[in-house]
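We number each residue from 1, following the sequence as shown. Small disclaimer: the values here were computed from a predicted structure and weren't measured.
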Amino acid sequence: MHIAILTLTFSLPGCGSLKEKRHRMGGLHARFGNTPSVAVCESGERDRHDASEWTFVIVGLSKREVESQCSQIEEKLERTVDARVMNIEKEFV
């Protein structure tokens with residue numbers, strides 16, 4: 001069993017409220033949380049309207065499978081989220 005913890009920090013330029021932040025970052029649970037091998041949560045910057053941090057825990061039978069899933073998540077987030085990715089941290093445990 002292989003496990004990766006993927007944490008992404010986002011900047012939301014021009015975001016004026018927490019309601020707008022939820023709208024711009026919305027749907028991450030629905031998009032990724034339904035995958036049995038992925039758990040996702042907003043892990044930081046919850047009270048700031050111009051920043052957000054999300055953590056994904058990915059589990060797989062091989063390191064290659066987990067790395068592939070991490071790459072897919074990163075690519076999809078960069079294409080679909082109305083925010084700028086500021087930092088990506090990946091840890092294997």
Side-chain angles (χ1 to χ4, degrees):
M1 186 67 57
H2 294 268
I3 301 170
I5 301 171
L6 178 66
T7 303
L8 294 97
T9 305
F10 299 92
S11 171
L12 293 103
C15 188
S17 68
L18 292 176
K19 183 177 180 179
E20 181 182 351
K21 174 184 174 177
R22 284 191 304 273
H23 176 72
R24 288 173 65 174
M25 299 301 295
L28 291 185
H29 279 281
R31 281 183 258 170
F32 299 102
N34 292 334
T35 305
S37 61
V38 177
V40 59
C41 72
E42 185 175 16
S43 55
E45 308 296 354
R46 290 177 171 214
D47 295 330
R48 289 185 55 192
H49 60 269
D50 61 346
S52 189
E53 178 185 275
W54 287 78
T55 298
F56 299 79
V57 178
I58 300 99
V59 178
L61 297 177
S62 70
K63 188 170 182 179
R64 177 181 284 176
E65 178 185 343
V66 172
E67 287 175 336
S68 174
Q69 186 79 351
C70 287
S71 295
Q72 289 174 17
I73 290 169
E74 290 174 37
E75 290 169 11
K76 189 169 185 177
L77 287 172
E78 289 176 352
R79 284 191 327 267
T80 61
V81 173
D82 185 15
R84 195 175 316 152
V85 177
M86 300 303 291
N87 189 42
I88 298 174
E89 293 179 21
K90 194 182 311 178
E91 176 185 355
F92 290 91
V93 292

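- Separating the CD atom in E67 from the NE2 atom in H2 is a distance of 9.5 Å, to the nearest 0.5 Å.
- The closest side-chain heavy-atom distance from E78 to I88 is below 4.5 Å.
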Audit row: W54, M25, side chain to side chain contact (heavy atoms under 4.5 Å, CB included) steps and yes/no: CA-CA 10 Å; W54 287 78; M25 299 301 295; 3.6 Å; yes
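- To the nearest 0.5 Å, atom NE2 of residue H49 and atom SG of residue C15 are 6.5 Å apart.
- For the residue pair G16 and E20, the shortest heavy atom distance occurs at N-OE1, 2.9 Å.
- The distance from atom NZ of K76 to atom OG of S71, rounded to the nearest 0.5 Å, is 14.5 Å.
- The two residues S11 and M86 come nearest to each other via the heavy atoms CB-CG, 3.5 Å.
- Nearest approach of C70 to I58, heavy atoms of both residues: SG-CD1, 3.7 Å.
- When side chains are defined from C-beta on, F10 counts as touching V85, because their heavy atoms get closer than 4.5 Å.
- The neighbour count for R84 CZ, taken as heavy atoms of other residues, nucleotides or ligands under 6.0 Å away, does not exceed 12.
- Across all non-hydrogen atoms, the minimal contact from Q69 to V38 is NE2-CG2, 3.3 Å.
- Scanning all heavy atoms of the two residues, the minimum distance from E42 to R46 falls at O-NH2, 2.7 Å.
- A salt bridge does not link E45 with K21: every distance from a Lys NZ or Arg NE/NH1/NH2 to an Asp or Glu carboxylate oxygen is 4.0 Å or more.
- Annotation: side chain of T35 is not in contact with side chain of F56 (no heavy-atom distance under 4.5 Å).
- Between the side chain of S68 and the backbone N or O of R64, no donor-acceptor pair lies under 3.5 Å.
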Applying side-chain hydrogen bond (donor to acceptor under 3.5 Å, both in side chains), run through T7 and E89 and close with a yes or a no. CA-CA 5 Å; T7 303; E89 293 179 21; 5.3 Å; no
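- For the atom pair OG (S37) and CD1 (I3), the distance works out to 11.5 Å, reported to the nearest 0.5 Å.
- When every heavy atom of A4 is checked against every heavy atom of V66, the shortest pair comes out as CB-CG1, 3.3 Å.
- Within 6.0 Å of CG in N87 there are more than 12 heavy atoms belonging to other residues, nucleotides or ligands.
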With side chain to side chain contact (heavy atoms under 4.5 Å, CB included) as the test, would you mind laying out the steps for M1 and L61 before giving the verdict? CA-CA 5 Å; M1 186 67 57; L61 297 177; 4.3 Å; yes
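- When hydrophobic clusters are built by joining Ile, Leu, Val, Met, Phe, Trp and Tyr residues whose side-chain heavy atoms come closer than 4.5 Å, directly or via intermediates, L6 is grouped together with F92.
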